[in-house]
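What follows is a short report on a single structure.
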Amino acid sequence: MDILFDYILTIEMAFIVLVLVLLKSSIKFVPQNRAYVIERFGKFQSTKEAGLNFILPFIDRISADRSLKEQAVDVQEQSAITKDNISLMVDGVLYFRVMDPYKATYGVEDYVFAVTQLAQTTMRSELGKMELDKTFEERDILNLNIVTAINQAAGPWGIQVMRYEIKDIIPPGSIMEAMEAQMKAERVKRAQILESEGDRQAAINRAEGEKASVVLAAEGDKSEQILRAQGEASAIVAVAEAQAEALKKVGEAANTDEGQKAIQLDLATRAIEAKKAIAKESSVVLLPESGTEAASVVAQATSIISALTKKGV
């Protein structure tokens with residue numbers, strides 16, 4: 001009886017172990033961003049994505065474990081010839097991800113090797129379409145063209161290239177020396193241009209300063225002349241007003257007897273001075289004997305002044 005019990009217990013333990021093994025073999029936990037390719041009797045059966053999955057033990061098997069993360073692969077340094085026949089050494093980094101685990105498993109033997117080789121050949125092809133200077137100036141365009149060409153060819157492999165970055169472009173030593181000489185010449189040229197621009201701007205500033213100085217000087221002379229003219233006009237007006245006031249006072253005095261006598265005396269004095277002037281010019285003027293009287297002298301002086309006036313005319 002005990003032997004039978006032990007036998008039954010052994011069978012139950014074996015059954016439990018078998019069940020545990022079957023459960024362990026059938027339950028598959030797929031990590032995030034990974035995919036399992038399942039085959040049944042050597043034929044593709046399904047693709048198991050992240051989470052809890054079940055397969056048939058001893059019938060289904062995991063054919064491939066594919067990462068769905070973006071991967072970075074170093075593209076080894078290689079030689080390429082540009083459009084202007086310059087040999088370059090170029091390397092880069094390729095970023096891609098598996099979009100279809102089925103195609104990545106059955107479309108190509110080794111998709112990493114295949115996409116890397118495709119990147120190298122595509123890079124050589126694209127560099128052959130560009131001149132040396134353009135490879136440095138249009139690196140972004142070159143990267144974009146390489147990505148586009150790789151994606152067109154890698155579609156059947158279930159691979160999508162996200163981007164391609166060229167790390168280094170190394171031309172031959174002689175080309176490097178020529179490029180350095182060219183850059184040095186460009187720097188000297190820019191320095192000379194900047195210096196000439198500075199001299200030109202300085203000359204312009206000096207000319208503008210001289211122009212402003214001349215304008216200010218002219219405006220100062222103009223203001224001075226205006227002020228001088230205004231002063232002279234004021235002086236003339238003041239003199240005229242003084243003369244008018246003097247004539248007014250003379251006229252008021254001439255209306256009196258004393259004024260008439262003063263005028264007669266002044267005329268006599270001027271007549272005598274006129275006679276002296278006429279004598280200096282060797283002219284002869286005959287006066288009557290009664291010229292000693294004051295009235296006669298005044299009359300004679302008046303006639304002399306009239307004669308001199310007519311002579312001057």
When rounded to the nearest 0.5 Å, the distance separating CD1 of I141 from CD1 of I146 is 12.0 Å
Find the distance between CG (L216) and NZ (K211) and round it off to the nearest 0.5 Å. 12.0 Å
Check: K103 and P156 side chains under 4.5 Å, non-hydrogen atoms: no
Donor-acceptor contact below 3.5 Å, side chain T105 vs main chain P101: yes
Apply the test side chain to side chain contact (heavy atoms under 4.5 Å, CB included) to residues K28 and I62: give CA-CA distance (whole Å), side-chain angles for both, the deciding distance (0.1 Å), then the verdict. CA-CA 10 Å; K28 297 297 181 183; I62 300 175; 4.1 Å; yes
Quick one: closest heavy-atom pair of M123 and V75, and the distance? CE-CG1, 4.4 Å
How long is the gap from CZ on R40 to OG on S46, to the nearest 0.5 Å? 7.5 Å
If we ignore hydrogens and angles and just use 3.5 Å, is the side chain of S125 paired with the main-chain N or O of T121 as donor and acceptor? no
Could you list the residues that satisfy salt bridge (charged side-chain N to carboxylate O under 4.0 Å, His left out) with R228, not counting sequence neighbours? E224
Donor-acceptor pair, R97 side chain versus L68 backbone, under 3.5 Å? yes
Got a salt bridge between R190 and E197, using NZ or NE/NH1/NH2 to carboxylate O under 4.0 Å? no
Answer whether the closest heavy-atom distance between the side chains of Y36 and T47 falls below 4.5 Å. no
Contact check, side chains of I159 and V108, non-hydrogen atoms, under 4.5 Å: no
Beyond-backbone contact of Q160 with N151, side-chain heavy atoms, under 4.5 angstrom: yes
Run the side chain to side chain contact (heavy atoms under 4.5 Å, CB included) check on V98 and Q71 step by step: do they pass? CA-CA 9 Å; V98 176; Q71 303 178 47; 4.2 Å; yes
Tell me, do V73 and V115 make a side-chain contact under 4.5 Å, heavy atoms counted? no
Show your reasoning for whether side chain to side chain contact (heavy atoms under 4.5 Å, CB included) applies to V93 and I166. CA-CA 6 Å; V93 179; I166 295 177; over 6 Å; no
Are side-chain N/O atoms of R124 and Q78 paired as donor and acceptor at under 3.5 Å? yes
Specify the closest pair of heavy atoms between A104 and R66, including all atoms of both residues, with the distance to one decimal. O-NH2, 3.8 Å
Quick test of your reading: applying ring-ring contact (aromatic ring centres under 6.0 Å, His included), list the pairs with at least one residue in residues 83-103, sequence neighbours left out, ordered by first then second residue. F44-Y102, Y102-Y106
Taking the side chain as every heavy atom from C-beta outward, state whether I55 and K48 have any atom pair closer than 4.5 Å. yes
Check ion pair K134-E131 (N to O, under 4.0 angstrom): no
Between T122 (side chain only) and A119 (backbone N and O only), is there a donor and an acceptor less than 3.5 Å apart? no
Atom pair CG (L88) and OG (S79), whose distance is rounded to the nearest 0.5 Å: 7.5 Å
Minimum heavy-atom distance between G92 and Y164, given as atom pair plus value: CA-OH, 3.8 Å
Any chance you could lay out the side chain to side chain contact (heavy atoms under 4.5 Å, CB included) test for I81 and I86, step after step, and finish with the verdict? CA-CA 5 Å; I81 299 177; I86 304 298; over 6 Å; no
So which heavy atom on A50 is nearest to which on P31, and how close? CB-O, 3.4 Å
If you measure from OG on S67 to CG on N33, what distance do you get to the nearest 0.5 Å? 7.0 Å
From the options D168, V90, I170, select the one residue that forms a side chain to side chain contact (heavy atoms under 4.5 Å, CB included) with E77. I170
With a 4.5 Å limit on heavy-atom distance, are the side chains of N143 and R163 in contact? no
Indicate yes or no for a side-chain donor-acceptor contact from N53 to the backbone of G51 under 3.5 Å, with no hydrogens or angles considered. yes
Determine whether I150 and L94 make a side-chain contact, defined as any pair of heavy atoms from C-beta on separated by less than 4.5 Å. yes
Is there a path of hydrophobic side-chain contacts, each under 4.5 Å between heavy atoms of I, L, V, M, F, W or Y residues, that connects F54 with F29? yes
So, taking the atom named CZ in R200 and the one named CD1 in I193, what distance separates them when rounded to the nearest 0.5 Å? 13.0 Å
When you look at NZ of K83, are more than 12 heavy atoms from neighbouring residues, nucleotides or ligands closer to it than 6.0 Å? no
Does this structure show an ion pair linking K222 with E219, if we count only N-O contacts that are shorter than 4.0 Å? no
Test your reading of the model: is there a side-chain donor-acceptor pair from D91 to the backbone of Q76, 3.5 Å cut-off? no
